[in-house]
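Encoded as structure tokens, the structure appears first; notes follow it.
We count residues from 1, following the sequence as given. First listed ligand is number 1; within each ligand, the first listed atom is number 1.
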Amino acid sequence: MEAVPINTFGYLSPVVFWSLITIATVLAVAHYFIETSRIVKMGNKLPGPKTVPFFGNAILAVGVDPKDALTEALKYDIYGDVMRVFFGPKLIVFLSDARDVEIILSSPVHIDKSPEYRFFAPWLGEGLLISTGDKWRIHRKLIAPTFHLSVLKSFVPLFYENSIDLVQKLKNNVGRDFDCHDYMSTVTVDILMETAMGVRGTSKEKSSFEYASAVMDMCNIIHQRHYNLLLRLDALFQFSSYAKEQQKYLDIIHGLTKRIIKKRKEEVKENGEATDTRLQETKTKKIMTAVTEPKEQKIRYVRDDLDEIDDNDVGEKKRLAFLDLMLEMKRNGEHLTDEEIKEEVDTIMFEGHDTTAAGSSFVLSLLGIHQDIQVRVMEELNEIFQGSDRPCTFQDTVEMKYLERVILETLRLFPPVPIIARQLKHDVQLVSGNYVVPSGSTIVIPQYKIHRQEKYYANPDVFNPDNFLPENMQDRHYYAYIPFSAGPRSCVGRKYAMLKLKVLISTFLRNYQVFSDLTEKDFKLQVDIILKRSDGFNIKIEPRNKIIIS
Ligand code: HEM
């Protein structure tokens, strides 16, 4: 009988067998190195959901529609104020205690944005939102004074004129349900072009709407890239259908910013030099009814470098509005390239419109629901305007104390920028618990969650503008209210935003009463970079007895 050779590899060929052994060994060694790496060992000491080898907690994101990201994320509330997740070997730590948040946001060291902000790069280049190091420091110093109150005051008549244009447009919507967000996006783009960019009288309506829609679509793509492991890789993304779409939206977005810069350059060339906002101020004062010089308005719920810019320090150049200052610096041969100007214009156009469009749409939605609060706002406006149909002035906005509280409360419950992320450069010892977050990890600060904590706000889910009465604020931690972030990298446009929102909302309400058939529980919240309602910002309006535009 013939002897049968014994195959020690069973039914596997030796090549397959040894290949599998090699892969298993490589995986085991990689697993060992990951698990014993400093960042993973330290991360594992923080509270968080169970991980699986190699993927960490990335599995949790599989199958989640990015539109539902907020609802899904809130399910992990059980881990408290410090929670870690691993996206592969990448450590992400969520911090929701105001004391921990202060350590990060107030630091001049932890100013680097997380790597995920790089998805903005094809759009915003190295603009202020994502740049870092010396470039960020120099540009921040340059741009922040262009949003100083002395400049902003001169914008009030333009805020008002554009608000009246909006009121006119809305005449066709009286008595019917409509989504106010598209209108708010368009008007906020128009306002930015006329104020920060100094460009007037373009065929703005069509291009503003087209621009605002392209921005929303771009945000959606960036948001998809945050969640989809494959789309995160540039090498794969560039072959996806999203890459083609992105190019289409970028053409629209960059097309508008290039036109803005070109037009302003031509205007400045024709007029000799950029308009000093002090001259504008003198001109606009003629159309303002109230001429008394208002006292400096300090908004004291956060503190940052904007508060440190002293009126007396404001020199000749610093009086210029944003784009005029950039162009003048370039003309004077100071180191600022055309590309850098474009990047900053793209950044301001994005940050300056989408956030306030969402903020104002939430304010109107909430006032539609809370008629009693709308009545209080109207009582204040009647007191200020005494039934007159005169334009709104800066001094009027200073007196809109209750409306200010309504806006602040809206931004508490529905912060347009619902999370902020940073990359740690060195270890951080937290104060809320005995935890050390290692260097190299990503910190996520979820304002949406922080703003809704009982330890900071009684009845945190209830819309109550009195949360911002001075007596209710004095014992609250500074960093428990951060819709504009805080510290050295806080929003440079926050005073601009508050002033614009006051003029826009007050002019709207002086003309229309707003209604809604819903409650806040019906809102379907969607985070695609900016917090929005996926069910639409539907409201109804009816004209007030005395309508300014009639
Ligand atoms: C309700 C309106 C607004 C909200 C809630 C808001 C919120 C924020 C937040 C949270 C940040 C920090 C983002 C981060 O660290 O990732 C930020 C940064 C920024 N915002 Fe705003 N913003 C608003 C309006 C504006 C306006 C009107 C402008 C300009 C006209 C503006 C310009 C900027 C810029 C340039 C930055 C980057 C600052 C830096 O990194 O140094 N924002 N904003």
Side-chain angles (χ1 to χ4, degrees), residues 101 104-105 107-108 110-114 116-117 119-120 124 126-133 135-144 146-148 151-152 155 159 184-185 188-189 191-197 222 299 301-302 304-306 321-323 326 343-363 404 407-423 442-448 450-451 479 481-505 529-532:
V101 171
I104 305 296
L105 292 186
S107 157
H110 306 302
I111 56 163
D112 288 357
K113 297 294 173 81
S114 77
E116 281 73 18
Y117 282 74
F119 300 137
F120 281 100
L124 306 179
E126 277 189 80
L128 200 60
L129 182 70
I130 49 180
S131 60
T132 192
K135 176 155 191 180
W136 169 75
R137 255 180 280 275
I138 292 167
H139 283 213
R140 170 100 191 179
K141 229 177 163 176
L142 214 121
I143 292 172
T146 69
F147 291 99
H148 186 265
V151 177
L152 301 185
F155 291 162
F159 291 159
M184 291 301 172
S185 294
T188 50
V189 174
I191 289 176
L192 261 180
M193 286 205 279
E194 294 200 352
T195 54
M197 307 301 159
I222 293 173
I299 303 170
Y301 46 88
V302 286
D304 59 38
D305 56 349
L306 295 190
F322 163 75
L323 182 54
M326 299 259 123
E343 290 172 351
E344 297 304 0
V345 170
D346 274 316
T347 301
I348 296 294
M349 283 299 290
F350 163 53
E351 275 288 319
H353 100 273
D354 213 11
T355 46
T356 42
S360 54
S361 302
F362 275 117
V363 172
E404 179 172 296
I407 296 169
L408 296 178
E409 175 68 349
T410 304
L411 300 181
R412 176 181 77 83
L413 284 174
F414 302 102
V417 180
I419 60 165
I420 298 168
R422 293 276 203 277
Q423 188 76 355
T442 295
I443 295 287
V444 173
I445 296 170
Q447 294 101 304
Y448 183 89
I450 297 166
H451 290 177
Y479 286 75
Y481 184 69
I482 45 169
F484 296 105
S485 185
R489 272 215 100 144
S490 67
C491 175
V492 281
R494 65 187 176 78
K495 290 186 180 182
Y496 176 103
M498 287 303 290
L499 193 57
K500 176 169 84 175
L501 286 172
K502 281 184 178 177
V503 177
L504 188 59
I505 304 288
I529 313 296
I530 302 293
L531 185 71
K532 307 239 168 78

Report yes if the side chains of Phe147 and Ile348 come closer than 4.5 Å at any heavy-atom pair, otherwise no. yes
Mark yes or no for whether Tyr481, through its side chain, and Leu408, through its backbone, hold a donor-acceptor pair below 3.5 Å. yes
Considering the heavy atoms of Arg140, write down every atom of ligand 1 situated less than 4.0 Å from one of them. 38 (C), 39 (C), 41 (O)
Please tell me if the side chains of Ile505 and Ser360 come closer than 4.5 Å, counting only heavy atoms from C-beta onward. yes
List every atom of ligand 1 that sits less than 4.0 Å from any heavy atom of Ile348, numbering the atoms from 1 in the order shown and giving each element. 30 (C), 35 (C)
Under a plain distance cut-off of 3.5 Å, with no hydrogens placed, do Gln423 and Ser114 share a side-chain donor-acceptor pair? no
Is a donor on one side and an acceptor on the other found under 3.5 Å between the side chain of Gln447 and the backbone of Ile419? yes
Atom 40 (O) of ligand 1: which protein heavy atom is closest, and how many Å away? Arg489 NE, 2.9 Å
Which is it for Lys113 and ligand 1 at heavy atoms under 4.0 Å: side chain, backbone, both or neither? side chain
Heavy-atom contact under 4.0 Å between Phe322 and ligand 1? no
Nitrogen or oxygen atoms of Leu128 and ligand 1 under 3.5 Å apart: yes
Per-atom filter on ligand 1: closer than 4.0 angstrom to a heavy atom of Thr356 are 2 (C)
Answer yes or no: is there a side-chain heavy-atom contact under 4.5 Å between Thr356 and Met184? no
Looking only at heavy atoms of Ala196, does any of them come nearer than 4.0 Å to an atom of ligand 1? no
Region of Arg422 that comes within reach of ligand 1 [heavy atoms, distance under 4.0 Å]: side chain
Tell me if a side-chain donor or acceptor on Lys500 pairs with a main-chain N or O of Gly352 at a distance below 3.5 Å. yes
Test item, Ser490 contacting ligand 1 (heavy atom, 4.0 angstrom): yes
What's within reach of atom 21 (Fe) of ligand 1, meaning protein N/O/S atoms under 2.8 Å? Cys491 SG
Return yes if some donor-acceptor pair links the side-chain N/O of Arg422 with the main-chain N/O of His110 below 3.5 Å, else return no. yes
Any donor-acceptor N/O pair, His451 side chain to Ile482 backbone, under 3.5 Å: yes
Sub-4.5 Å side-chain heavy-atom contact between His139 and Glu126: no
Under 3.5 Å, N or O to N or O, is Trp136 touching ligand 1 that way? yes
side-chain contact (heavy atoms from CB on, under 4.5 Å), that's the test. Do Val492 and Glu351 meet it? Break it down for me. CA-CA 10 Å; Val492 281; Glu351 275 288 319; over 6 Å; no
Heavy-atom nearest neighbour in the protein, as seen from atom 30 (C) of ligand 1, with distance rounded to 0.1 Å: Phe147 CE2, 3.5 Å
Considering only non-hydrogen protein atoms, determine which one is nearest to atom 16 (O) of ligand 1 and report residue, atom name and distance to 0.1 Å. Tyr117 OH, 2.6 Å
Run the salt bridge (Lys or Arg N to Asp or Glu O under 4.0 Å) test against Glu409 and tell me which residues pass, sequence neighbours left out. Arg412
Would you confirm whether the ring centroid of Phe159 sits within less than 6.0 angstrom of the ring centroid of Tyr496? yes
Considering non-hydrogen atoms of the protein only, which is the closest contact for atom 5 (C) of ligand 1, and what is the distance? Pro483 O, 3.5 Å
